[in-house]
Structures are given as C-alpha cells and as structure tokens.
Amino acid sequence: FAAVTIISLTSLMGVATIPFLGKKMYKKILAMLVALAVGTLAGDSLLHLLPHAFGLHKHEDTAEGDSHADHSEEKGFIWKA
C-alpha cells in the first residue's frame with residue numbers, strides 16, 4: 001500500500017509542477033506525454049487484436065477438457081503472415 005501511495009504522490013507532484021515550467025517547455029512536455037499516450041494505446045490495441053486476427057486466440061470449451069492431441073490447426077496462421 002505504501003509503495004502505491006508513494007508512486008501516486010510522485011506522479012501527482014510531477015503533474016503539479018509542469019505548469020510552472022516555461023511555456024516552451026510546457027508545450028514540449030505536453031506533446032511528448034500525448035505522443036506517449038497515443039503510442040501506448042495503439043501498441044496495446046494491436047497486441048490485443050493481432051492474436052484474434054491470426055486466429056490464435058479462441059474461446060472454445062471442449063467436452064473432453066483441454067486436450068491438445070490434435071495439432072493440425074496449430075500453425076495454420078503462418079500463411080496469414
């Protein structure tokens with residue numbers, strides 16, 4: 001609990017001090033933070049969507065349990081790449 005509190009307070013102090021910097025520095029930092037946010041969200045969405053696009057992520061329940069005896073479809077995604 002203490003670690004989360006310290007990290008949260010540190011980030012809040014950083015956000016509180018950014019407006020007191022010069023106007024040029026404020027714009028540069030703000031642009032960098034926006035670019036970081038956009039890149040992070042775009043990368044995360046791609047990493048979540050690629051397994052679905054290649055058919056690697058399935059939600060199927062089998063009556064026999066989680067048997068992996070049939071590996072015929074295991075590498076069927078290679079032709080899509």
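FYI, the numbering just counts along the sequence from 1. Please read these numbers as outputs of a predicted model, since none were measured by experiment.
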Undergrad: Taking the hydrophobic residues Ile, Leu, Val, Met, Phe, Trp and Tyr, and joining any pair whose side-chain heavy atoms are under 4.5 Å apart, which ones share a cluster with Val38?
TA: Val34
Undergrad: Give every donor-acceptor pair under 3.5 Å between a side-chain atom in residues 14-32 and any protein atom, sequence neighbours left out.
TA:
from  : atom 1 : to    : atom 2 : distance (Å)
Thr17 : OG1    : Met13 : O      : 3.2
Thr17 : OG1    : Gly14 : O      : 3.0

Undergrad: State the CG-CG distance between Leu41 and Leu36, to the nearest 0.5 angstrom.
TA: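 Answer rounded to 0.5 Å: 9.5 Å.
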Undergrad: Checking Thr5 now: which residues fulfil side chain to side chain contact (heavy atoms under 4.5 Å, CB included) with it, not counting sequence neighbours?
TA: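 Partners of Thr5 under the side chain to side chain contact (heavy atoms under 4.5 Å, CB included) test: Phe1, Leu9.
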